[in-house]
Asks: 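Before I ask anything, here is the structure I am working with.
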Amino acid sequence: SEINEAIVKELNLPQLKSRVQLVNIVGGRTTMEVRLPSITLGRVRQEGVYFIVVPSDGNGPQPFDGVLAPDFLYNVDLDLDFGAGRVNLISPDHCNGKVVYWAAPSVAIVPFHIDSNGHITFPMKLDGQRVNAMLDTGASRTALNLDVAKRTFKIDTDAPDVPKVGELKGGYTADVY
């Protein structure tokens, strides 16, 4: 999980050298972390949680104060209410199969897999085509792998209606369309 450097400074939290290095999608690196005395979200409270410090990029305030990643979310059940634009953290100590706490004329059950890194993956249909998706709690945008786009949706990056809009740089370079 991550916390913005500006919030760390505002709360006057001491930074520590982390045992891990976080490298973001554009190659930015950080090795600092903080130990939050506690964090409470709704009724869920955790003590002594470590968060990686995301440095300011010098372009003004970050669009977020923090990111809750699988290391934090392992301890709760997660309800993503896309219709209401809300995330609910629920104690995992509930009756098996009795998680729906709202009036629901119908319920969809989506099978998913959590890999060894805590990434949530599931099959879905995009424009009628089956693709494997990952629910990334740290991503601020939705992305589609270019190889998948070319293979599954016949996307031609040389076509005039597929303009290049940017480039990712880091330990590698990748075009963004």
Asks: Quick check for you: to the nearest 0.5 Å, what is the distance between D115 atom CG and M134 atom CE?
Replies: 8.0 Å
Asks: Identify the heavy atoms of P111 and F122 that sit nearest to each other, and give their distance.
Replies: O-CB, 3.4 Å
Asks: Applying side-chain contact (heavy atoms from CB on, under 4.5 Å) to T157 and K164, what does each step give before you reach the verdict?
Replies: CA-CA 8 Å; T157 56; K164 179 179 168 183; over 6 Å; no
Asks: If you take all heavy atoms of P123 and N132, which pair is closest and at what distance?
Replies: CA-OD1, 4.1 Å
Asks: Same hydrophobic cluster for L13 and L22, using side-chain heavy-atom links shorter than 4.5 Å among ILVMFWY?
Replies: no
Asks: Hydrophobic cluster membership, with links at side-chain heavy-atom distances under 4.5 Å among I/L/V/M/F/W/Y: are L135 and V110 in one?
Replies: yes
Asks: Can you establish whether the number of heavy atoms outside F153 located under 6.0 Å from its atom CZ is more than 12?
Replies: yes
Asks: K9: which residues meet the side-chain contact (heavy atoms from CB on, under 4.5 Å) condition with it, sequence neighbours left out?
Replies: E5
Asks: In terms of hydrophobic clusters joined by side-chain contacts under 4.5 Å, are V34 and V49 together?
Replies: yes
Asks: Membership question, hydrophobic clusters at under 4.5 Å side-chain separation (ILVMFWY): are L126 and Y177 in the same one?
Replies: yes
Asks: Under 3.5 Å, is there a donor-acceptor pair linking the side chains of K17 and T31?
Replies: yes
Asks: Let me confirm one number: the CG-CD1 distance from L36 to I7, rounded to the nearest 0.5 Å.
Replies: 11.0 Å
Asks: To the nearest 0.5 angstrom, please state how far the CD1 atom of I120 sits from the NE2 atom of H113.
Replies: 11.0 Å
Asks: One thing to verify: whether R45 and E47 come together as a salt bridge, which I'm taking to mean a side-chain N less than 4.0 angstrom from a carboxylate O.
Replies: yes
Asks: Can you tell me how far apart OG1 (T30) and CD (Q21) are? Round to the nearest 0.5 Å.
Replies: 8.5 Å
Asks: Rounded to the nearest 0.5 Å, what separates atom CG in D161 from atom CD1 in I155?
Replies: 8.0 Å
Asks: Answer whether the closest heavy-atom distance between the side chains of L16 and M32 falls below 4.5 Å.
Replies: no
Asks: Is any side-chain heavy atom of V8 closer than 4.5 Å to one of Q15?
Replies: yes
Asks: Testing the basics here: between T152 and Q129, what is the closest heavy-atom pair and its distance to 0.1 Å?
Replies: CG2-CB, 3.7 Å
Asks: Taking all atoms of both residues into account, what is the closest heavy-atom pair of S1 and A69, and its distance?
Replies: OG-N, 2.9 Å
Asks: Under a single-linkage definition using a 4.5 Å side-chain heavy-atom cutoff for Ile, Leu, Val, Met, Phe, Trp and Tyr, are I3 and I52 assigned to the same hydrophobic cluster?
Replies: no
Asks: Mind checking the OH-OG spacing from Y50 to S18? Nearest 0.5 Å is all I need.
Replies: 10.0 Å
